[in-house]
Peer 1: 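Okay, handing you the structure first.
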Amino acid sequence: MSVRVRRIYESPEPADGVRVLVDRLWPRGLSKEVAHVDEWPKGLTPSDELRRWFHAGGSYEEFVRRYEAELAAPEAAELLAGLRESAQKGQVTLLTSSKTPDESHATVLARLLAA
């Protein structure tokens, strides 16, 4: 299983495999043609409430705990299972516009997919 996280503003690479946008909003200033996104499962993104709480200064550890709880909901769990299935078949690249992808929901998803 191979999952990695990249910023969506980085140029696509052949090694990306399936490119999955994991942000709720489309990234500013980027056309769909340039982004080369294969999937956009909005049900895997943090809720607006959680995202706003985190960006207002919430701790990353608490964000992870709350986000994992959101991912346990039926719709998100089903989407996560589908993404895990894709990752078992080949490379999956999770794309985010976050300036700090190592401390974002994309990293949480990558860890859960690798488990």
Side-chain angles (χ1 to χ4, degrees):
M1 181 178 306
S2 186
V3 178
R4 69 181 184 166
V5 175
R6 295 186 67 211
R7 291 198 71 224
I8 192 157
Y9 297 107
E10 297 174 19
S11 297
E13 297 177 355
D16 286 344
V18 178
R19 292 172 53 88
V20 181
L21 177 60
V22 294
D23 290 349
R24 184 170 301 269
L25 303 175
W26 188 263
R28 291 182 183 177
L30 190 65
S31 72
K32 292 183 179 181
E33 294 77 28
V34 171
H36 297 283
V37 170
D38 298 307
E39 297 179 27
W40 189 13
K42 294 178 187 176
L44 283 178
T45 63
S47 65
D48 286 338
E49 177 184 298
L50 179 57
R51 184 177 50 81
R52 287 184 182 126
W53 172 84
F54 181 55
H55 291 296
S59 75
Y60 182 68
E61 293 77 20
E62 181 64 15
F63 169 80
V64 169
R65 187 187 71 70
R66 292 180 185 190
Y67 182 45
E68 287 176 347
E70 289 185 356
L71 291 172
E75 178 191 359
E78 185 177 326
L79 289 168
L80 192 59
L83 203 50
R84 186 174 289 118
E85 189 176 304
S86 293
Q88 289 172 343
K89 294 177 184 175
Q91 177 69 42
V92 171
T93 299
L94 304 179
L95 303 167
T96 181
S97 61
S98 173
K99 292 179 182 174
T100 56
D102 292 340
E103 286 196 352
S104 73
H105 65 288
T107 301
V108 175
L109 284 172
R111 181 179 48 77
L112 292 174
L113 289 171

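Note that the structure is predicted; figures quoted are calculated from it, not measured.
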Peer 1: Consider only side-chain N and O atoms of Asp102 and Thr107, and report whether a donor and an acceptor are under 3.5 Å apart.
Peer 2: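 Not at all, the side chains of Asp102 and Thr107 share no donor-acceptor pair under 3.5 Å.
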Peer 1: Mind checking what makes salt bridge (charged side-chain N to carboxylate O under 4.0 Å, His left out) contact with Arg6, not counting sequence neighbours?
Peer 2: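 Counting only residues at least two positions away or on another chain, Arg6 forms a salt bridge (charged side-chain N to carboxylate O under 4.0 Å, His left out) with Glu10, Glu13, Asp16.
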Peer 1: Who passes side-chain hydrogen bond (donor to acceptor under 3.5 Å, both in side chains) against Glu39, sequence neighbours left out?
Peer 2: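 With sequence neighbours excluded, Glu39 shows a side-chain hydrogen bond (donor to acceptor under 3.5 Å, both in side chains) to no residue whatsoever.
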Peer 1: Checking Leu71 now: which residues fulfil side-chain contact (heavy atoms from CB on, under 4.5 Å) with it, not counting sequence neighbours?
Peer 2: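 Once residues adjacent in sequence are excluded, the partners of Leu71 under the side-chain contact (heavy atoms from CB on, under 4.5 Å) criterion are Leu44, Tyr67, Ala76, Leu109, Leu112.
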Peer 1: Rounded to the nearest 0.5 Å, what's the gap from CG on Leu30 to CG on Leu95? Could you check?
Peer 2: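 The distance works out to 9.5 Å.
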Peer 1: Give the minimum heavy-atom separation between Pro101 and Arg7, together with the two atoms involved.
Peer 2: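 It is CG-CG, 3.9 Å.
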Peer 1: Side chain of His105, backbone of Thr45: donor and acceptor closer than 3.5 Å?
Peer 2: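 Flag not set: sc His105 to bb Thr45 has no pair under 3.5 Å.
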Peer 1: Work out which heavy atom in Pro27 is nearest to a heavy atom in Leu21; give both atom names and the distance.
Peer 2: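 Distance-wise, the nearest heavy atoms are CD-CD2, 4.0 Å.
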Peer 1: If every non-hydrogen atom of Val22 is compared with every non-hydrogen atom of Ala106, which pair is closest and at what distance?
Peer 2: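 Residues Val22 and Ala106, closest heavy atoms: CG2-CB, 3.8 Å.
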Peer 1: Would you kindly confirm whether Val5 and Phe63 end up in one hydrophobic cluster when ILVMFWY residues are joined by side chain heavy atoms under 4.5 Å apart?
Peer 2: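 Shared cluster, yes.
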Peer 1: In terms of side-chain geometry, is the basic nitrogen of Arg66 or Glu70 positioned less than 4.0 Å from the acidic oxygen of its partner?
Peer 2: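 Salt bridge: no.
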Peer 1: Just checking Glu85: does its CD atom have more than 12 heavy atoms from other residues, nucleotides or ligands closer to it than 6.0 angstrom?
Peer 2: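 No, not enclosed.
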Peer 1: Keeping to residues at least two apart or across chains, list the ring-ring contact (aromatic ring centres under 6.0 Å, His included) pairs with something in residues 15-39.
Peer 2: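 Qualifying pairs, neighbours excluded: Trp26-Trp40.
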Peer 1: Applying side-chain hydrogen bond (donor to acceptor under 3.5 Å, both in side chains), name anything that partners Ser104, two or more places apart in sequence or on another chain.
Peer 2: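 Ser104 satisfies side-chain hydrogen bond (donor to acceptor under 3.5 Å, both in side chains) with no other residue.
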Peer 1: Among residues at least two apart in sequence or on other chains, which ones pass salt bridge (charged side-chain N to carboxylate O under 4.0 Å, His left out) with Arg52?
Peer 2: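 Listed in chain order: nothing, the list is empty.
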